[in-house]
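Heads up, the thing below is written out as structure tokens.
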Amino acid sequence: MNDQDILTHIQALVEEEHSLREGTGDGQAPDQARLKYVEESLDQCWDLLRQRRAKKDSGENPNDAEARPISEVEGYRQ
């Protein structure tokens, strides 16, 4: 997976997140489990992209970056 593939996946997840938050328009609450999964997946993708860019900037191979577990990514402080 290259940076553009990751960005394309991020865009798809953002669109799904917006769709879930908007709901069906009938006043129903969004699917909380799916929304949580999408939010966590977004965090994981952004982390992977940051890792790849950092490796590239430091002269390392960006393909050596690996997605970290959601439990690790979600524990980061902002």
Look only at the side chain of E17 and the backbone of V38, and say whether a donor-acceptor pair between them is shorter than 3.5 Å.
no
Heavy-atom side-chain proximity of E72 to D47 below 4.5 angstrom
no
Say you draw a straight line from CG of N63 to CE of M1; how long is it, rounded to the nearest 0.5 Å?
11.5 Å
Are side-chain heavy atoms of L42 and I10 found at a separation under 4.5 Å?
yes
With rounding to the nearest 0.5 Å, note down the distance linking NE2 in H18 to CZ in R21.
8.0 Å
Output the distance between atom CD1 (I6) and atom CZ (R53), rounded to the nearest 0.5 Å.
9.0 Å
Set of side-chain contact (heavy atoms from CB on, under 4.5 Å) partners for E66, sequence neighbours left out:
none
Which residues pass the salt bridge (charged side-chain N to carboxylate O under 4.0 Å, His left out) test with E60, not counting sequence neighbours?
K55
Find the distance between CG (L20) and OH (Y37) and round it off to the nearest 0.5 Å.
12.5 Å
Who passes salt bridge (charged side-chain N to carboxylate O under 4.0 Å, His left out) against E74, sequence neighbours left out?
none
Tell me the closest heavy-atom pair linking C45 and L13, and the distance in Å.
SG-CD1, 4.1 Å
Got Q32 and L35 here, is their nearest side-chain heavy-atom distance under 4.5 Å?
yes
T8 side-chain N/O to Q4 backbone N/O, donor-acceptor pair under 3.5 Å
yes
In short, Q44 meets V73 closest at the heavy-atom pair N-CG1, 3.9 Å
Please determine, by modelled atom types, if R52 and N2 share a side-chain donor-acceptor pair under 3.5 angstrom.
no
Check L48 against A67 and note the closest heavy-atom contact, atom names and distance.
CD1-N, 3.8 Å
